[in-house]
Structures are given as structure tokens and as C-alpha cells.
Amino acid sequence: MPQWKELPTELPSSERQLLVHLRRLKDHSGLSLAALASRTSYSRSSWERYLNGKKPVPRKAVEELAQVCGTEPTRLVVLYEVAERARTEEAAGRPDQPTQEQEQDGLEQDEQEQAPPRAARTVPLKWMLGAVALSVAVSFGGGLLVAGAWDDDAPAKKGGAVAAGTGYLRGQTYACDVRRKGGELRAGHSGTREMLLDINSTGFDVVEAQCLLREKGFSPGVFDGLYDERTKDAAKRFQGRHHLVMDGIIGPDTWRELRR
């Protein structure tokens, strides 16, 4: 299992979610970057830049990676579309610094040129609904779709910055009221079993994970919904105890053990 570099902290959360999925897909395939280069239209150095967040990954590269790894590309394409849309909206908010990636198959270097912001691309409704059903809704511009808490509003102190569309308050400490419901442990902040969490993920999914880690004896010491190094270290220790991949990324396998 390769040791990936930490993704850039300034990377948008939607882009981060896409790259986490792509990294995991590559790791599970057992292919090296050189092997990917030999089986796709992109060079080894291009894949290194894409998967480490140095360059936006092109849609065709996403589709080719899915094909090479033998997986259905729809979910990855949904994540790509959302990340692309977020980049377009960000560029539209900074008209004095517009850029557009020009991708060419098989070239060692990616070309860039100044260009007006592109029109936002619309994600087909059926894809978006499918993504929600698969629990791969990602946080865009700080907003994270989460499952409901025990009550209509998750417990939190007043004040703080509100993440758009979620009710999550940054910088607040949340209560951990872990109960067994429907045969699984729940802390009341999120019901997810699949959301991928890594460094700088935020929201109620992270609070849920932090509370469940404490319940399992691997407390991160914080319950604020920010996936920081302490939370990642607690996740790694929990994964090691349960014979999971110790990458510190909470995904379906780790959620399953946390909810037991």
C-alpha cells in the first residue's frame, strides 16, 4: 500500500473527495503509476500530479482509471462533475484571474492558457440522486450533506460560522450521546456508513466518527467536526486494532467496525 502525500490544504472539499476515491481505486487495483501510464492516455508524471492534487484531474482520466480498474464510472463521474462545477463557480467569482486547463492525451506536460470562465456544467438529476443514494454526497464550499441527528438540530453552542445547508457550526464542541439503534451504534449526528473522511473534512459525519472512536476506546480528544491529525491518528489506531488498512481514512470498512 503506497504512502500518499497529504493533499494540499487549500484544495476544495469537492476536489478532495474525488481524489480520495481515485486514490483508493488505484490502491485496490494494485497498479503502479507506471502501469496506469501504460494503460491510459496519460503519463506517469501526469497521474502523479492529478492524484496528489497538483493539477485538476480531467474527466477522461477519471473515466479511463475506472475502466482500467474494472469499475462502473458513474459515481466517479458525478464527483468529477461536482468538483468541476465548484472550480467554475470559484473562477467566476475571480474574473480577474480566469484559467482553463487544456488537456491533451499522452502529453508529458499539461498546457494552460488564460480564458474566460466557462459556464457552469449541470449535473444530470439522475446522477445526483444516485450519488445521494450511495452516500457520496460531498461537501462543496464548506457545505456537507449529512443524515439527521436524534433531534431536528444537532446539539451545539450558539455562535460560530455555519456551514451552508447543514446547520454545522465550526469551532463548536458537540455532545457524544452514543446509543445502539437498529443493531448498530449511533451518536446521533449522522447515519452514514460510506462517507469518506480524511484530513480537513468537516461536518456532522466527522462528529459522528469522533464520538464513535471515543466509544470504541480510541478517543481523538476533540468532538468539533474537524478531521484533524488527532482524529486521523485515532482512526489509524482503531484500524490497526481491527486489522483494517491503516491509512487514517474513514470509509465503508471502518464505518462498519465503528457501528458494531
Next on the checklist: Please determine whether a side-chain nitrogen of the Lys or Arg among Asp224 and Arg170 lies less than 4.0 Å from a carboxylate oxygen of the Asp or Glu.
Outcome noted: no

Item to check | Any residue meeting salt bridge (charged side-chain N to carboxylate O under 4.0 Å, His left out) with Arg39, in chain and number order, not counting sequence neighbours | outcome: none

Checklist outcome for this item: Tested for salt bridge (Lys or Arg N to Asp or Glu O under 4.0 Å) against Glu15, the lone hit among Lys55, Lys54, Arg87 is Arg87

Checklist outcome for this item: Result for side-chain hydrogen bond (donor to acceptor under 3.5 Å, both in side chains) between Glu184 and one of Arg186, Arg180, Lys181 points to Arg186

Item to check | disulfide bond (SG atoms under 2.5 Å apart): pairs with one or both residues in residues 222-260, sequence neighbours excluded | outcome: none

Next on the checklist: Considering only residues two or more places apart or on different chains, which pairs with a residue in residues 231-242 satisfy salt bridge (Lys or Arg N to Asp or Glu O under 4.0 Å)?
Outcome noted: Glu6-Lys232, Asp198-Lys232, Asp233-Arg237

Checklist entry - Taking only residues two or more places apart in sequence or in another chain, which ones pass salt bridge (charged side-chain N to carboxylate O under 4.0 Å, His left out) with Glu257? => result Arg260

Kindly list each side-chain donor-acceptor pair under 3.5 angstrom involving residues 65-73, sequence neighbours excluded, with atom names and distances?
{"unit_1": "Glu72", "atom_1": "OE1", "unit_2": "Thr74", "atom_2": "N", "d": "2.8"}
{"unit_1": "Glu72", "atom_1": "OE1", "unit_2": "Thr74", "atom_2": "OG1", "d": "2.7"}
{"unit_1": "Glu72", "atom_1": "OE2", "unit_2": "Thr74", "atom_2": "OG1", "d": "2.7"}

Next on the checklist: Can you tell me how the ring of Phe204 sits relative to the ring of Tyr168, calling it parallel under 30°, perpendicular over 60° and tilted otherwise?
Outcome noted: perpendicular

Item to check | For Trp47, side chain to side chain donor-acceptor pair (under 3.5 Å) partners two or more places apart | outcome: Thr40

Checklist entry - How many angstroms lie between atom CG of Asp177 and atom CZ of Arg179, to the nearest 0.5 angstrom? => result 4.5 Å

Next on the checklist: Arg23: which residues meet the salt bridge (charged side-chain N to carboxylate O under 4.0 Å, His left out) condition with it, sequence neighbours left out?
Outcome noted: none

Checklist entry - Does a donor on one side chain sit under 3.5 Å from an acceptor on the other, for Ser190 and Thr192? => result no

Item to check | Thr254: which of Gln239, Arg193, Arg259 passes side-chain hydrogen bond (donor to acceptor under 3.5 Å, both in side chains) | outcome: Gln239

Checklist outcome for this item: Distance col, row Glu48:CD vs Tyr50:OH, nearest 0.5 angstrom, shows 11.5 Å

Checklist outcome for this item: Sorted by chain and residue number, the side chain to side chain donor-acceptor pair (under 3.5 Å) partners of Thr231 (sequence neighbours excluded) come out as Gln210, Asp228

Checklist entry - Would Glu81 and Arg85 count as a salt bridge (Lys or Arg N to Asp or Glu O under 4.0 Å) if you check the C-alpha gap in whole Å, the side-chain angles of each, and the deciding distance to 0.1 Å? => result CA-CA 6 Å; Glu81 291 281 355; Arg85 186 172 182 176; over 6 Å; no

Next on the checklist: Within this structure, what is the CD1-CG distance for the pair Ile250 and Leu213, rounded to the nearest 0.5 Å?
Outcome noted: 5.0 Å

Checklist outcome for this item: Rounded to the nearest 0.5 angstrom, the CG-OG distance for Leu33 and Ser43 is 10.0 Å

Checklist entry - With Lys5, which residues qualify under side chain to side chain donor-acceptor pair (under 3.5 Å), at least two apart? => result none

Item to check | Contact list for residues 212-241, test ring-ring contact (aromatic ring centres under 6.0 Å, His included), sequence neighbours left out | outcome: Phe218-Phe238, Phe238-His242

Checklist entry - How would you list all residue pairs meeting disulfide bond (SG atoms under 2.5 Å apart) that involve residues 182-260, not counting sequence neighbours? => result Cys176-Cys211

Next on the checklist: Going by side chain to side chain donor-acceptor pair (under 3.5 Å), name the residues that satisfy it together with Glu63, two or more places apart in sequence or in a different chain.
Outcome noted: Arg59

Item to check | Sub-4.5 Å side-chain heavy-atom contact between Pro58 and Tyr42 | outcome: yes

Next on the checklist: Nearest 0.5 angstrom please: Leu18 CG to Glu84 CD, how far?
Outcome noted: 10.5 Å

Checklist entry - Trp4 and Asp27: side-chain donor and acceptor closer than 3.5 Å? => result yes

Next on the checklist: For the CG atom of Leu36 and the OG atom of Ser29, what is their distance to the nearest 0.5 Å?
Outcome noted: 6.0 Å

